[in-house]
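One structure below.
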Amino acid sequence: MNLVFLGPPGVGKGSLAVRIAKDYGLLHISTGEMLRAEISAGTHTGKLAEKYINDGNLMPDSLIIEMLLSKLQHSTAKQGYILDGFPRTLNQAQELDKFVQIDAAINLDAPEAVLLKRISHRRICPVCGKGYISYMMSSNLCEQCGVEVIMRDDDKEEVVKARLVEYHTKTEPIIDYYRSTGKLISVDGDDTMEGVAAKVEEILEDLKLANN
Ligand code: AMP
């Protein structure tokens with residue numbers, strides 16, 4: 001099963017992708033995480049990515065498509081994978097379709113006020129990248145690394161505004177693309193993580209039955 005998770009920043013697709021990937025034995029591939037790893041490693045791609053990410057802009061298609069396809073070529077995802085944060089433009093979606101078979105695109109959405117509130121509480125471990133929700137933490141330390149969690153620079157209010165504009169202008173058109181190819185499944189993301197996960201799991205069970 002190869003899945004795409006779509007949705008605006010803050011809708012919770014990253015945390016959901018981690019959870020669903022674990023439950024279904026799928027490989028979780030997040031292009032945002034890949035870019036943050038490049039930034040930490042101080043690579044050429046990382047230096048370029050830092051500027052785009054911190055300005056709230058999308059990376060150029062050519063670069064991100066090459067990075068993702070190379071990851072897919074080298075992956076040993078026997079059960080399939082979840083693409084989280086890719087595609088983010090129509091061109092990326094069309095390029096992806098030339099190389100792999102996507103079974104479903106799960107689109108999560110929630111009102112903008114909900115997204116902004118969630119982002120303001122989002123924290124990340126600067127070492128391992130594990131994500132947290134500030135008010136659900138008993139201390140402000142990463143449970144895996146013991147270091148203090150931080151707010152992503154691109155989660156700061158002014159950058160989030162730019163990211164939402166990028167989302168509406170460049171990413172939203174993908175929803176119609178997947179609708180036209182019969183792959184779109186819409187899920188209300190304005191619910192608890194448990195509630196959203198239960199809905200997505202139900203959908204995946206139906207998909208599994210349909211594919212067998
Ligand atoms: P994320 O962790 O998915 O929110 O991604 C963080 C940032 O990485 C985005 O705001 C973009 O600047 C960049 N990025 C991640 N995935 C892509 C993509 N598929 N296309 C272009 N830029 C991306």
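Just so you know, ligand 1 is whichever comes first in the structure, and atom 1 is the first atom listed for that ligand.
Sorted by chain and number, the residues within 4.0 Å of ligand 1 by heavy atom are Thr31, Gly32, Leu35, Arg36, Ile53, Asn57, Leu58, Met59, Ile64, Gly85, Phe86, Arg88, Gln92, Arg152, Asp154, Arg163.
Shown here are the salt bridge (charged side-chain N to carboxylate O under 4.0 Å, His left out) partners of Asp188, two or more places apart in sequence or in another chain: there are none.
Shown here for Val4 and Phe86, the closest heavy-atom pair between the two residues is CG1-O, 4.0 Å.
Side chain to side chain, Glu205 and Tyr24 meet the donor-acceptor criterion of an N or O pair below 3.5 Å.
Residues Leu35 and Val18 do not share a hydrophobic cluster, clusters being chains of Ile/Leu/Val/Met/Phe/Trp/Tyr side chains in contact below 4.5 Å.
For Gln94, the CD atom sits in a packed shell: over 12 heavy atoms of surrounding residues, nucleotides or ligands are nearer than 6.0 Å.
Geometrically, Lys130 engages Tyr132 in a cation-pi contact, judged by NZ or CZ lying under 6.0 Å from the ring centre and within 45° of the ring axis.
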